[in-house]
Amino acid sequence: HIQMGVPRVGIEGFSAGRICAVWCHPECFLKEGVVVGYAKTGNAKCKMTKEGFEKGELRFGYRSGMNSWCWVKPHAVSRFFPDV
């Protein structure tokens, strides 16, 4: 539970087949909701630019649900974190 007035991170998430807002504490988001790695296949697209990833390309990921991740190209990370 996040109390009123406490900082929180809001991201677009997916639940029950629909898009919704997902909220979490900043510490929890950074600890469990963010990953940096390399594309395992060439199937994913950048959430911000819609450009495809090549296999092995560096990417930034953020959790958008219990089992879902969104991927962002390094040059587009500032669009995802505009206030950082």
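Just so you know, these numbers use all the heavy atoms, side chains as well, and skip hydrogens, waters and symmetry mates.
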If Ile, Leu, Val, Met, Phe, Trp and Tyr residues are connected whenever their side-chain heavy atoms lie under 4.5 Å apart, and connections chain through other members, are Ile2 and Phe29 in the same group? no
Whether over 12 other heavy atoms sit under 6.0 Å from Lys50 NZ: yes
First locate atom SG of Cys70, then atom CZ of Phe60, and finally report the distance between them rounded to the nearest 0.5 Å. 10.5 Å
d(Glu32 CD, Cys24 SG) to nearest 0.5 Å is 9.0 Å
Quick one: does any side-chain atom of Lys45 pair with a main-chain N or O of Val72 as donor and acceptor, under 3.5 Å? no
Any chance you could measure Trp71, atom CH2, to Phe53, atom CZ, to the nearest 0.5 Å? 8.5 Å
What distance do Arg59 atom CZ and Lys73 atom NZ have between them, rounded to the nearest 0.5 Å? 11.0 Å
Closest approach of Pro26 to Pro7 (non-hydrogen atoms, all atoms of both residues): CD-O, 3.4 Å
Distance from His75 atom NE2 to Thr49 atom OG1, nearest 0.5 Å? 5.0 Å
Would Leu30 and Val9 show up in the same hydrophobic cluster when neighbours are defined by side-chain heavy atoms closer than 4.5 Å? yes
Same cluster or not: are Tyr38 and Val77 linked, directly or through other Ile, Leu, Val, Met, Phe, Trp or Tyr residues, by side-chain heavy atoms under 4.5 angstrom apart? yes
Say you draw a straight line from NZ of Lys40 to CD of Glu57; how long is it, rounded to the nearest 0.5 Å? 15.5 Å
